[in-house]
Trainee: 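Next up is a structure, given as C-alpha cells.
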Amino acid sequence: GDSVTQMEGPVTLSEEAFLTINCTYTATGYPSLFWYVQYPGEGLQLLLKATKADDKGSNKGFEATYRKETTSFHLEKGSVQVSDSAVYFCALSDLVGGSNYKLTFGKGTLLTVNP
Amino acid sequence: DTGVSQNPRHKITKRGQNVTFRCDPISEHNRLYWYRQTLGQGPEFLTYFQNEAQLEKSRLLSDRFSAERPKGSFSTLEIQRTEQGDSAMYLCASSPPQQGETQYFGPGTRLLVL
C-alpha cells in the first residue's frame with residue numbers, strides 16, 4: 001500500500017538558518033504530494049502541493065519539488081523564522097475507487113526555530 | 001468561505017459512554033473525510049463521503065464507529081461504548097469538486113476517554 005516516510009525530528013534551528021525536511025513515498029499510482037503544517041492546538045493547514053512529476057510547489061518561502069525518479073518531495077526554506085515553529089507533515093493523495101482522494105501522511109517533523 | 005468547522009473542540013468522557021462529533025465542511029465542497037490523529041503520529045484515514053454517500057471506510061473504523069452525512073452537508077461521527085484507546089484528535093476535511101485532491105482541514109475535536 002501507499003506510505004510516506006519523513007525525516008524524524010525534532011529539528012531545532014536558529015532564525016535565518018536553511019531548512020530541509022526530507023520526505024520519500026511509496027505509491028501504486030500517480031499520487032499528488034502535499035506538505036501540511038500544524039501549529040500548536042490547531043488543525044492542519046495546507047502549505048504547498050504538487051500534482052505531477054517535476055512540479056514545484058511553493059508558499060510563504062517554502063518550496064518542494066516532486067521527484068518521481070527518487071520518489072521524494074523534500075521541503076526547503078532558505079531562511080526560517082521563529083513563526084515557522086510547528087509540526088510539518090508530508091502526505092500523498094492517490095485516487096482510490098474513482099473519487100476518493102484519501103491522504104496518507106508521514107509521522108510529522110517538529111521544527112523549533114530559536115531567535 | 002468560513003473554513004471547515006468542528007464541534008465540540010474538546011470532549012472528555014468516561015469509558016463506555018457514547019460521543020458524537022459534528023463537522024461542517026466548506027460550502028459546496030462535495031467530498032468530506034474523517035481522520036484520526038494520535039499523539040506523535042500523522043492523521044490516519046477513517047472514512048469518506050461524496051455528497052451524502054459513504055463510499056469508503058477504513059479497517060480502523062470498528063463497529064462501534066458510525067458516520068453520517070444525511071443531506072450532503074454537515075457530517076457526524078459517533079463512537080459507541082468508548083474505550084481508552086479511542087482517545088485521539090478527530091479531524092474532518094473537505095474538498096471541492098474541481099480540486100478533489102486538495103483537502104482543507106478543520107481544527108479537530110480532541111477526545112479524552114477516562
Side-chain angles (χ1 to χ4, degrees), chain A residues 1-10 21 23-25 27 29-52 55 57 59 66 73 75 86-110, chain B residues 1-7 9-10 21 23-26 29-61 88-110:
Chain A
D2 296 345
S3 67
V4 174
T5 303
Q6 66 180 98
M7 190 168 104
E8 296 212 6
I21 301 178
C23 172
T24 57
Y25 68 90
Y30 299 94
S32 296
L33 301 175
F34 304 83
W35 278 99
Y36 281 85
V37 58
Q38 188 172 36
Y39 298 100
E42 298 185 13
L44 279 75
Q45 296 179 22
L46 177 63
L47 181 59
L48 54 84
K49 71 176 184 180
T51 58
K52 61 183 187 296
D55 269 2
N59 186 26
Y66 189 142
F73 193 56
L75 182 68
V87 180
Y88 291 80
F89 291 95
C90 184
L92 69 82
S93 170
D94 210 353
L95 187 57
V96 177
S99 68
N100 181 2
Y101 290 94
K102 67 179 178 182
L103 289 164
T104 300
F105 287 87
K107 292 187 176 182
T109 302
L110 173 62
Chain B
D1 182 350
T2 58
V4 178
S5 61
Q6 292 186 246
N7 288 289
R9 293 291 307 276
H10 304 273
F21 310 141
C23 169
D24 287 88
I26 295 172
H29 281 198
N30 61 333
R31 292 180 175 86
L32 187 146
Y33 300 81
W34 285 97
Y35 293 84
R36 181 169 67 188
Q37 184 180 18
T38 53
L39 202 61
Q41 301 295 318
E44 294 176 292
F45 169 79
L46 291 179
T47 191
Y48 159 65
F49 289 85
Q50 182 168 0
N51 300 311
E52 68 277 6
Q54 186 176 21
L55 297 183
E56 185 173 347
K57 293 191 290 186
S58 162
R59 283 173 290 181
L60 292 175
L61 216 64
M89 174 79 88
Y90 291 84
L91 295 166
C92 176
S94 68
S95 63
Q98 300 84 0
Q99 288 190 336
E101 76 279 0
T102 303
Q103 295 180 29
Y104 299 87
F105 282 80
T109 295
R110 185 170 293 283

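Bear in mind the structure is a predicted one, so any value in this text is a computation, not a measurement. By convention in this document, chain letters (A, B, ...) are assigned in the order of the sequence lines, proteins followed by strands, and residues within each chain are numbered from 1. Values reported hereafter were calculated over all heavy atoms of this structure, with side chains retained and with hydrogens, waters and symmetry mates removed.
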Trainee: What orientation do B/Y104 and B/H29 show, parallel under 30°, tilted 30 to 60°, or perpendicular over 60°?
Mentor: tilted

Trainee: At a 4.5 Å cut-off on heavy atoms, which part of A/T104 comes close to chain B: side chain, backbone, both, or neither?
Mentor: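 For A/T104, neither part sits under 4.5 Å from chain B.
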
Trainee: Is there side-chain contact between A/L33 and A/V4, with at least one heavy-atom pair below 4.5 Å?
Mentor: no

Trainee: Is B/R9 close to chain A through its backbone or its side chain, or both, or neither, when contacts mean heavy atoms under 4.5 Å?
Mentor: side chain

Trainee: Under a 4.5 Å heavy-atom cutoff, which of B/L55, B/T102, B/L91 has the most pairs with chain A?
Mentor: B/T102

Trainee: Answer yes or no: does atom OH of A/Y30 have more than 12 heavy-atom neighbours from other residues, nucleotides or ligands under 6.0 Å?
Mentor: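 Counting neighbours around OH of A/Y30, 12 or fewer heavy atoms of other residues, nucleotides or ligands fall under 6.0 Å, so no.
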
Trainee: Sequence neighbours excluded, which residues qualify as side chain to side chain donor-acceptor pair (under 3.5 Å) partners of B/Q41?
Mentor: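 Per chain and number, B/Q41 pairs via side chain to side chain donor-acceptor pair (under 3.5 Å) with no residue.
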
Trainee: Looking at B/C92, B/P107, B/G42, B/P43, which makes the most heavy-atom pairs under 4.5 Å with chain A?
Mentor: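 Sorted descending by pairs with chain A, the first entry is B/P43.
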
Trainee: Please classify the contact of B/Y35 with chain A as side chain, backbone, both or neither, using a heavy-atom distance under 4.5 Å.
Mentor: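 Answer is side chain: those atoms of B/Y35 sit under 4.5 Å from chain A.
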
Trainee: Quick one: what part of B/Q37 sits under 4.5 Å from any heavy atom of chain A, side chain, backbone, both or neither?
Mentor: side chain

Trainee: Side-chain contact test, heavy atoms from C-beta onward, threshold under 4.5 Å: evaluate it for B/Y48 versus A/K102 and give yes or no.
Mentor: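 When only atoms from C-beta onward are counted, A/K102 and B/Y48 do not touch, as no gap falls below 4.5 Å.
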
Trainee: Taking every heavy-atom pair that is under 4.5 Å apart, which of B/G100, B/G108, B/S95, B/G106 has the most such pairs with chain A?
Mentor: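 Sorted descending by pairs with chain A, the first entry is B/G100.
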
Trainee: Excluding sequence neighbours, so at least two apart, what forms side-chain contact (heavy atoms from CB on, under 4.5 Å) with B/L61?
Mentor: B/L46, B/T47, B/Q54, B/K57, B/F65

Trainee: With a 4.5 angstrom heavy-atom cut-off, which part of A/Q38 approaches chain B: side chain, backbone, both or neither?
Mentor: side chain

Trainee: Answer whether the closest heavy-atom distance between the side chains of A/Y66 and A/P31 falls below 4.5 Å.
Mentor: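 Yes - at least one pair of side-chain heavy atoms lies under 4.5 Å apart.
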
Trainee: With a 4.5 angstrom heavy-atom cut-off, could you sort out which part of A/L46 is near chain B: side chain, backbone, both or neither?
Mentor: side chain

